[in-house]
Structure formats: C-alpha cells, structure tokens
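Just below is one structure, and these are the notes that go with it.
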Amino acid sequence: ATNYQLNYREGGRAEVGYQFTSYSEHGDYNIKYWDRGKKDFEWQEDLYAPFFYRRQIHSAYLMFTDKFGPLSVEAGVRADHTIDRMDIVVEKVDRSRYIKRTELYPSAHLSYDAGNKNFITAGYSYRTNRPGIWQLEPYITYEDYYTKMTGNPDIDPEYIHSAEVGYRRAIAEKHSLALTAFYRHRTDVRERVRVAYEPGVTLDSLINAGNDRSWGVELSARIKAARAWDITLNGSLFDYKFTADYEGCSDARNTSYTLAMINNFTLGSTTRLQVDANVVGPTVLSQGREDAYYYFDVALRQQLFNKRLTASLVMHDVLRTARYNNYRIS
C-alpha cells in the first residue's frame, strides 16, 4: 500500500492512495459419509476435488477533507479492480471461474457545529460485501448429520447504499446524547436457502435471494454513572422489507429492534472490566423468520509489565441465554 497527502490550505487536505491485496489457496477436497447400514464412515471417491483459488484486489482512492466555518466535509471515492480465479472440477464437471470486476464506491460525510455542544451530521456511502472462498466452492459437504450445504461459484457480491442524518449533544462534558435516522438498501442479498435433499437431510444452497431495505432511528447515550463506571446505552427501532427474486423465497416485512447496555468499570490503574447486555429483536428471513433473543458478554483487560503488555479475557453469552430459533418454509 502507498499513499500521498497534500495540505492545500488551512483545514483542507487531499489524499490519494493505492492498495493491493492477494489471497490464494491450493489443496484438495474429500469427504467420508456415515453409512447407516455398515455403521461406519465411508470415503466418497466421486467427491474428490483438487482446487486452486486466488483473489486479487487493486484499490485506488481519492479523499478530500475540508472545513468551511462550522461545516466539516469528508468526501471520497474508491475504485476496486477485483480478479477471482478458481480452478476446480467436481464430479467430472468443470466448475472453474475467472471473474473480473471494476467498480466505484463513493462516500460523503458532513458535520455542522451548531454551537453550545450541538452537532448535526449527515452521510452517505456505497459499499460492497464480497463472498469468501468457502462460499464459492461448489461441492457438497455436511454442516451436521442432518444438513448438507454447498457454495456457489456464480454468486454475486452484495451492494449496499447507506444514508443517515444525526444529531449529537454533549451534556456537562461527561455525558452525551445522539439521535440518528438511517436508511439502508441492499441489492443481490446473499442468503442460504434450504430444500429437502434426501430422507432426513436438507441442503443449504447459497444464492442471491433478492433486495432489501431498512429504515429507522437509533438512540445512543453515554453516561458517567460514577467515577469508575461508564455506561453506553444503544437502542434502535427499524422497519425491514425483503423483496424476493428467487424461486423458493418469498417477500417479507417486519418491524424490529435492538438494545444494548455496555458497562465499563475501572478497577485500578491497570484493570478494566466490561459487562454487556444485548437484546436482538425478531427478524424475517427469505424463507421464514427468526425469534428474538438476548445474551450477556463479559470482558476483562489487564495491563502488565508497566503497561507494556495487555492480556484480555472475553466470555460470550455467559448465562447461555442466546437461542437462535428460526423457522423455514420451502
């Protein structure tokens, strides 16, 4: 990676840069299934698949940062040239792919200082979410004894338009409050769809299921509850709509929410404790729905050797309350 910055005036800066990333993997795939009659594992010779995969991304970007009185501006654009190569033959069928894409991703963010510790913000960005190698590989494997799954070498990336407008206020230097309205639109939404495959076993296939959009509001507050106790409260309420483009999926819509309480405790000069409580509202899927659930996380951070070394211990879902119950209709 390389970049160049130019301070063309007081408060104004331009930056141009380039980055190259490459990932490759070479190996072979084989699997053995449980033979119920023999009560033993048996290698599946027809599923032996040597493969080679490489992804290369050339990225160039241009970004401007400037200030005009109380108005601060950040705007830029990134150009990506992506090359995906996969050489693989599965069950005597050539599933190799060589895909090139060149795309532009603009973004812009504004912040207005209204005085008296009041700020108004607005932003827009266009981004992508590319599939990983494990989502491109076309052979079938087991997720568990009752669920087979397969990738899709022809899956397209997701593209995301995001826009938001917000208000933030600092209160007494120790507290703050922020309210944000947001809108997000995704195209080529990537999801797994489930179908009956053989007696007692289903198959999950990766597809571009359709498009979705969500809009709503988010409220965030930071509170200094005590000298050694900081609290961050986050809550969002949003409307979600999914439009299906694939047979086997259906249009869906719901109103949902998320809640989070993050507690940070200072236990001496070198010890920090964080306790989080999270609630995730119900959501709809391309083939059904998922129930709401809640969970708690705990993290402990300790600095050692005169703060030169940091050790962290993180425990997720410590009370084992997270339940990922989903219901699918196909």
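The residues of the chain are indexed from 1 along the displayed sequence. This is a predicted model, so every value here is computed, not measured. Below, each value reflects all heavy atoms present in this structure, side chains not excepted, and no hydrogens, waters or symmetry copies.
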Quick check on Lys148: does its NZ atom have over 12 non-hydrogen neighbours (other residues, nucleotides or ligands) under 6.0 Å away?
yes

Write out all pairs satisfying salt bridge (charged side-chain N to carboxylate O under 4.0 Å, His left out) with one or both partners inside residues 5-31, taking only residues at least two apart or from two chains.
Arg9-Asp66

For the backbone of Glu74 and the side chain of Thr65, can you confirm whether one donor and one acceptor N or O come within less than 3.5 Å of each other?
no

With sequence neighbours left out, write down each residue that passes salt bridge (charged side-chain N to carboxylate O under 4.0 Å, His left out) with Arg289, or none if nothing qualifies.
none

Classify the ring geometry of Tyr139 against Phe51: parallel below 30°, tilted from 30° to 60°, perpendicular beyond 60°.
tilted

Under 4.5 Å between any side-chain heavy atoms of Met261 and Ile231, yes or no?
yes

Just wondering, are more than 12 heavy atoms of other shown residues or ligands nearer than 6.0 Å to NZ in Lys224?
yes

Given side chain to side chain donor-acceptor pair (under 3.5 Å), test Asn118 with Tyr167 step by step and report yes or no.
CA-CA 7 Å; Asn118 293 280; Tyr167 166 75; 2.4 Å; yes

Do Tyr293 and Asn325 meet the criterion of a side-chain donor-acceptor pair at a distance under 3.5 Å?
no

Identified side-chain contact (heavy atoms from CB on, under 4.5 Å) counterpart of Tyr105 within the set Thr128, Val77, Ile160
Thr128

Using modelled atom types only, decide if a donor and an acceptor are shared between the side chain of Thr121 and the backbone of Leu110 within a distance under 3.5 Å.
no

So salt bridge (charged side-chain N to carboxylate O under 4.0 Å, His left out) across residues 178-197, not counting sequence neighbours, yields Glu158-Arg186, Arg186-Asp212, Arg194-Asp204

Side chain to side chain contact (heavy atoms under 4.5 Å, CB included) between Trp229 and Asn263: does it pass, once the steps are laid out?
CA-CA 7 Å; Trp229 181 17; Asn263 301 273; 3.2 Å; yes

Under the side chain to side chain contact (heavy atoms under 4.5 Å, CB included) test, which residues partner Arg85, sequence neighbours left out?
Phe52, Asp87, Tyr98

Quick one: salt bridge (charged side-chain N to carboxylate O under 4.0 Å, His left out) pairs with a partner in residues 51-61, sequence neighbours left out?
Arg55-Asp84

Output the distance between atom CZ (Phe238) and atom OG1 (Thr258), rounded to the nearest 0.5 Å.
6.0 Å

Under the side chain to side chain contact (heavy atoms under 4.5 Å, CB included) rule, what do His81 and Ile83 come out as? Steps first, then yes or no, please.
CA-CA 7 Å; His81 180 64; Ile83 304 171; 3.8 Å; yes

Side chains of Ser220 and Asn234: donor-acceptor distance under 3.5 Å anywhere?
yes

Taking atom CD of Glu198 as the centre, does the number of heavy atoms from other residues, nucleotides or ligands within less than 6.0 Å exceed 12?
yes

I need the Asp276 CG to Thr232 OG1 distance, nearest 0.5 Å.
9.0 Å

Looking only at heavy atoms, what is the nearest atom pair of Thr147 and Val201, with distance?
N-CG1, 4.3 Å

Shortest non-hydrogen contact from Pro138 toward Met86
CD-CE, 4.3 Å

Any side-chain heavy-atom pair of Arg78 and Ser107 under 4.5 Å
no

Any side-chain heavy atom of Tyr53 sitting closer than 4.5 Å to one from Tyr23?
yes

How is the hydrophobic cluster of Tyr18 composed, in terms of its other members, when Ile, Leu, Val, Met, Phe, Trp and Tyr link through side-chain heavy atoms under 4.5 Å apart, directly or indirectly?
Phe20

Among side-chain atoms of Tyr159 and His185, is any donor-acceptor pair under 3.5 angstrom?
no

Taking OH in Tyr240 as the centre, count heavy atoms belonging to other residues, nucleotides or ligands within less than 6.0 Å. Is the count above 12?
yes

List the residues meeting side chain to side chain contact (heavy atoms under 4.5 Å, CB included) with Thr150, not counting sequence neighbours, and say none if there are none.
Ile140, Leu203, Ser205

Are Asn152 and Gln135 side-chain neighbours, meaning at least one heavy-atom pair lies under 4.5 Å?
no

Side chains of Gln302 and Thr271: do they bring a donor and an acceptor to under 3.5 Å?
yes

Flag yes if more than 12 heavy atoms outside Tyr327 fall under 6.0 Å of its OH atom; otherwise flag no.
yes

Name of the residue among Asp297, Leu300, Val298 meeting side-chain contact (heavy atoms from CB on, under 4.5 Å) with Met315:
Val298

Would you call Asp156-Arg101 a salt bridge at under 4.0 Å N-O?
yes

Could I get the full list of salt bridge (charged side-chain N to carboxylate O under 4.0 Å, His left out) partners for Arg213, not counting sequence neighbours?
Asp239

Evaluate whether atom CZ of Phe68 has more than 12 neighbouring non-hydrogen atoms of other residues, nucleotides or ligands under 6.0 angstrom away.
yes

Would Ile262 and Asp230 count as a side chain to side chain contact (heavy atoms under 4.5 Å, CB included) if you check the C-alpha gap in whole Å, the side-chain angles of each, and the deciding distance to 0.1 Å?
CA-CA 8 Å; Ile262 304 170; Asp230 295 291; over 6 Å; no

Are Arg97 and Asp154 within salt-bridge range, i.e. N to O under 4.0 Å?
yes

With sequence neighbours excluded, tell me which residues meet side chain to side chain contact (heavy atoms under 4.5 Å, CB included) with Ile329.
none

Would you list the pairs meeting salt bridge (charged side-chain N to carboxylate O under 4.0 Å, His left out) in which at least one residue belongs to residues 307-318, sequence neighbours left out?
none

Arg130: what forms a salt bridge (charged side-chain N to carboxylate O under 4.0 Å, His left out) with it, not counting sequence neighbours?
Asp80

Would Leu259 and Tyr294 satisfy side chain to side chain contact (heavy atoms under 4.5 Å, CB included), going step by step from the backbone distance to the final call?
CA-CA 9 Å; Leu259 300 169; Tyr294 62 96; over 6 Å; no

With sequence neighbours left out, the residues meeting side chain to side chain contact (heavy atoms under 4.5 Å, CB included) with Ala170 are Lys117

All heavy atoms of Ala311 vs all of Leu304, minimum pair found to be CB-CD1, 4.4 Å

Distance in Å, Ile57 CD1 paired with Thr21 OG1, rounded so as to fall on 0.5 Å steps
4.0 Å

Can you find a heavy atom in the side chain of Ile207 that is under 4.5 Å from one in the side chain of Cys249?
yes

Side-chain heavy atoms of Tyr257 within contact of Val279, under 4.5 Å
yes

